[in-house]
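Step one of this worksheet: look at the structure below.
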Amino acid sequence: MKILVPVKRVLDYNIKARAKADGLGVELAGLKMAMNPFDEIALEEALRLKERGAATEVIAVSCGAIACQDTLRTALALGADRAILVSTECELQPLAVAKLLRVLVNREEAGLVICGKQAIDDDAGQTGQILAALLGWSQATFASQVTLEANHATVTREIDGGLETIVVQMPAVITTDLRLNEPRYATLPNIMKAKKKPLETVTPDALNVDIAPRLMLIKVVEPPARVAGIRVATVAELVDKLKNEARVI
Ligand code: AMP
């Protein structure tokens, strides 16, 4: 079974996101970019499944600008067998990404897709679910544990009230939560080897997919700055402030 792992290039999670001056997006110019952290977890899970003999090949896919090649090279250095870049300079929304992935899943005859539960740039949290719907596959979102059997997967999911365990028929789309695993680091020899692994580039046109945006971004604004806290001298003063000054949120 082949596992397809979509990996998105996003602003590095250590960098504080700032709105662009024109309010039309997040400032990315000159800032460090990295693989979406949830996708690192997805890739790690796919690699572990392959190491346990449950998969034959792990294919990393990234959709976006040519610079996504860097993210794919990282995926190859971590252990992916090959990579596919769907190259476009156009803005991609989750529906468009899911449509591109559907074509690749079918072309590759993949039996499992593991993607992040959300990309930390737009926090949409939609691509995996849309992809499962387009493919007519089972979906198991926010996974913190995955066990594969011949025809089904048992997945523990992180939900608001705690944990939920479900069994889904294969093929399936699984989206990863933080506690699923701890991703490995790429070793220097593997970084060198990754340069020789296959990285194919295709375009949305070649895949015959319409990627036109369906949603219009109106404005990106930063949240209001937090008011500084104060220190109170006594409990009585605290109670007084809570009674008389606390704002109802
Ligand atoms: P989102 O729905 O945008 O929050 O993204 C959820 C997951 O879909 C991400 O964690 C990735 O696994 C995948 N994904 C989203 N956009 C892309 C992209 N442009 N290229 C590759 N994978 C993507």
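One-based numbering along the sequence shown.
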Checklist entry - Would you say the side chain of L72 lies within less than 4.5 Å of the side chain of V7, judging by non-hydrogen atoms? => result yes
Checklist entry - Taking E91 for the side chain and Q93 for the main chain, is one N or O donor matched with an acceptor at less than 3.5 Å? => result no
Item to check | side chain to side chain contact (heavy atoms under 4.5 Å, CB included) partner of V5, the single match among L47, L43, D39 | outcome: L43
Checklist entry - Is the shortest heavy-atom distance from the side chain of M1 to the side chain of L49 under 4.5 Å? => result no
Item to check | Donor-acceptor pair, side chain of R157 and main chain of E164, under 3.5 angstrom | outcome: no
Checklist entry - Can any side-chain N or O of R214 pair as donor or acceptor with the backbone N or O of A212 at less than 3.5 Å? => result yes
Checklist entry - Quick one: are V113 and L101 in side-chain contact, heavy atoms under 4.5 Å? => result no
Checklist entry - Counting distance only, does the side-chain N/O of T127 pair as donor-acceptor with the main-chain N or O of A98 below 3.5 Å? => result no
Checklist entry - Taking 4.0 angstrom as the limit, do E222 and R18 come out as a salt bridge? => result yes
Checklist entry - So, the side chain of N190 versus the backbone of L78: is there a donor-acceptor pair under 3.5 Å, distance only? => result no
Item to check | same_hphob_cluster(L100, V10) at 4.5 Å side-chain heavy-atom cutoff | outcome: no
Next on the checklist: Just verifying a value: how many Å separate D177 CG and T175 OG1, rounded to the nearest 0.5 Å?
Outcome noted: 7.5 Å
Checklist entry - Is V61 linked to V105 within one hydrophobic cluster, defined over Ile, Leu, Val, Met, Phe, Trp and Tyr using a side-chain heavy-atom separation of less than 4.5 Å? => result yes
Checklist entry - Mind checking whether I174 and L178 sit in one hydrophobic cluster, side chains of I, L, V, M, F, W, Y counted as touching below 4.5 Å? => result yes
Next on the checklist: Before you tell me yes or no, could you show the steps for L148 and L112 under side chain to side chain contact (heavy atoms under 4.5 Å, CB included), namely the whole-Å CA-CA distance, both residues' side-chain angles and the distance that decides it to 0.1 Å?
Outcome noted: CA-CA 10 Å; L148 284 193; L112 175 64; 4.2 Å; yes
Checklist outcome for this item: Taken to the nearest 0.5 Å, the spacing of L95 CG from L215 CG works out to 8.5 Å
Checklist entry - Is there a side-chain contact between I211 and K99, using heavy atoms and a 4.5 Å cut-off? => result no
Checklist entry - With hydrophobic residues grouped by side-chain heavy-atom distances under 4.5 Å, do M170 and L131 end up in a single group? => result no
Checklist entry - So with a 6.0 Å cut-off around CZ of R184, is the heavy-atom count from everything else above 12? => result yes
Next on the checklist: Are E182 and E44 packed together at the side-chain level, in the sense that at least one heavy-atom pair is separated by less than 4.5 angstrom?
Outcome noted: no
Item to check | Transitive ILVMFWY side-chain link V202 to I59, under 4.5 Å | outcome: yes
Item to check | Exceeds 12 heavy-atom contacts within 6.0 angstrom, atom CG of N244 | outcome: yes
Checklist entry - Hey, are the side chains of E158 and L163 touching, using non-hydrogen atoms and a 4.5 Å cut-off? => result yes
Checklist entry - Any sub-3.5 Å donor-acceptor pair from K197's side-chain atoms to A83's backbone N or O? => result no
Item to check | Short side-chain to backbone donor-acceptor contact, K117 and F38, under 3.5 Å | outcome: no
Next on the checklist: Can a side-chain donor-acceptor contact be found between T203 and S87 if the only test is distance below 3.5 angstrom?
Outcome noted: no
Checklist entry - With side chains defined as the heavy atoms from C-beta onward, is the minimum distance between K50 and I3 less than 4.5 Å? => result no
Item to check | E109 CD: over 12 foreign heavy atoms closer than 6.0 Å | outcome: no
Next on the checklist: If we ignore hydrogens and angles and just use 3.5 Å, is the side chain of N36 paired with the main-chain N or O of Q118 as donor and acceptor?
Outcome noted: yes
Item to check | Neighbour count >12 (heavy atoms, 6.0 Å) for atom CG, L242 | outcome: yes
